[in-house]
2 protein chains.
Amino acid sequence: MTSEAVQRGTDWLGRAGLRPTRQRVALAALLVGDGKNRHVTAESLFAAAKKHGESVSLATVYNTLRAFRDAGLMQEVIVDGNRSYFDTNTYDHPHFYWEDEGRLTDAPADQVVIARLPDVPEDAEIAAVDVVIRLRKRR
Amino acid sequence: MTSEAVQRGTDWLGRAGLRPTRQRVALAALLVGDGKNRHVTAESLFAAAKKHGESVSLATVYNTLRAFRDAGLMQEVIVDGNRSYFDTNTYDHPHFYWEDEGRLTDAPADQVVIARLPDVPEDAEIAAVDVVIRLRKRR
DNA sequence: TTAAGTGCAAATTATTTGCAGTAAG
DNA sequence: CTTACTGCAAATAATTTGCACTTAA
């Protein structure tokens, strides 16, 4: 965990007005410490924290991811019924889901074009358009 | 439950080679008895069965929906992390999800056009493209 | 000092499973 | 008859919560 990663994490928290507690800074540094986007599950982030010798409880990872999402720092992506992915890229963009590995990655937004959206009843508005492209290894 | 609905349900099961047991015929009649597409959760189908005086256990509803899906009679749609929807329309088509009500409906397929899909690594192929348009009631 | 954040363990929710019975082919 | 199906109750998996303690502001 470089000091630069910690700095980035702290800034990221500050932008959303979240208190930079020890646990949050550690998780934030893992998430945005290198400036790249990341897709994690509570379990995967918990594992990463442990590997880096950070002491955080699993429940706190869950609560923290929820806090990050509520603060607008992350986006929750639902892809299979039993696991939530959290994405540091909050821009509304499509995803690749690698079914064999259960891994989620960004799909280049400029390569998926939704040409037309259906008419929507006038008392409703589109909150988001979730696009998940499921990939399967060719046998 | 009209005899026509039961007939349709039975035919539907037969098409997939599933045994027309009492419970399955009842559930199938509720699902496709009127020839329209339906989006259900295990709970909602269980409730519908009870309302019609059908005796089925919740576990059997779960198992039956899974059997229908495995037999290709239904499609599972994941829309929020904690509930699975099953759709009698197995054609790969987009959905509306009414966030306020937790209700899932079909979006007219001809009105959603994905113009371009991203390039995919050559050892992978696209299994499906899930499109969920989240609708929110205008305040 | 004080409200927000944390860590457990226990609770919840959706779903699956084991297994003894029941019924379809 | 024999194998698939059913119904419970118990098991599981992911996530949330209650509550006493800790810590950032």
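So that the names make sense, note that chain A is the first sequence line, chain B the second, and so on, each numbered from 1. Model, not experiment: these values are computed from the prediction.
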Q: Choose from D:dC5, D:dG7, D:dA24 the nucleotide whose nearest atom is closest to any side-chain atom of B:R22.
A: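 Comparing D:dC5, D:dG7, D:dA24 against the side chain of B:R22, the answer is D:dG7.
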Q. Hey, is B:E101 close enough to B:K137 for a salt bridge, meaning N to O under 4.0 Å?
A.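 A salt bridge links B:E101 with B:K137.
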Q | Lys/Arg N to Asp/Glu carboxylate O, A:D130 vs B:R134, below 4.0 Å | A |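 Salt bridge flag = yes for B:R134 with A:D130.
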Side-chain ([X]) to main-chain ([Y]) donor-acceptor, under 3.5 angstrom:
{"X": "A:H52", "Y": "A:K50", "result": "no"}
{"X": "B:R8", "Y": "B:S3", "result": "no"}
{"X": "B:T88", "Y": "B:R38", "result": "yes"}

Q. CE of B:M74 to CG of B:L31: how many Å apart, nearest 0.5 Å?
A.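 So the gap between those two atoms works out to 4.5 Å.
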Q | Closest-nucleotide 5' rank along DNA chain C - winner of A:S55 and B:R66 | A |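 With B:R66 and A:S55 compared, the 5'-side residue is A:S55.
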Q) More 5' along DNA chain C: B:L18 or B:A59, using each one's nearest nucleotide? A)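 Residue closer to the 5' terminus by nearest nucleotide: B:A59.
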Q | Outermost DNA chain C nucleotides near chain A [under 4.0 Å, heavy atoms] | A |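 The footprint of chain A covers C:dA3 to C:dA9.
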Q. Across the strands shown, which category fits B:T60 at heavy-atom distances under 4.0 angstrom: base, sugar-phosphate, nothing?
A.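 Since a base atom lies under 4.0 Å of B:T60, the category is base.
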Q: Mind checking A:R24 for me? I need base, sugar-phosphate or nothing, with any heavy atom below 4.0 Å counting as a touch.
A: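 Sugar-phosphate contact only - A:R24 comes under 4.0 Å of backbone atoms but never of a base.
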Q) For DNA chain D, whose closest nucleotide is more 5', that of B:S57 or that of A:L58? A)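 Closer to the 5' end of DNA chain D: B:S57.
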Could you run down the sub-3.5 Å N/O contacts of the protein with nucleotides 12-14 of chain D?
residue	atom	partner	partner atom	Å
D:dA14	O3'	A:N82	O	3.4

Q) In whole angstrom, what separates B:N63's CG from D:dA11's C1'? A)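 After rounding, the gap between these two atoms is 14 Å.
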(Q) What is the distance, to the nearest angstrom, from the CG atom on B:D70 to the P atom on D:dC5? (A)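 Rounded to the whole Å, the gap is 11 Å.
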Q.
For a quick test of reading the model, state the closest non-hydrogen atom pair linking B:A71 to B:L18 and the distance between them.
A.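 Looks like CB-CD1, 4.0 Å.
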Q. Distance only, no hydrogens: is a donor on one side chain within 3.5 Å (strictly under) of an acceptor on the other, for A:H39 and A:N89?
A.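 Judged by distance alone, the side chains do not pair up.
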Q. Any side-chain N or O of B:T21 less than 4.0 Å from the OP1 or OP2 oxygen of D:dA4?
A.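 Checking D:dA4 against B:T21, no side-chain N or O comes under 4.0 Å of OP1 or OP2.
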Q.
So, OP1 or OP2 of D:dT22: does either fall under 4.0 Å of a side-chain N or O from A:Q23?
A.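 Result: no.
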Q. Taking only residues two or more places apart in sequence, or in another chain, which ones meet B:S57 in a side-chain hydrogen bond (donor to acceptor under 3.5 Å, both in side chains)?
A.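 Here the qualifying residues are B:T60.
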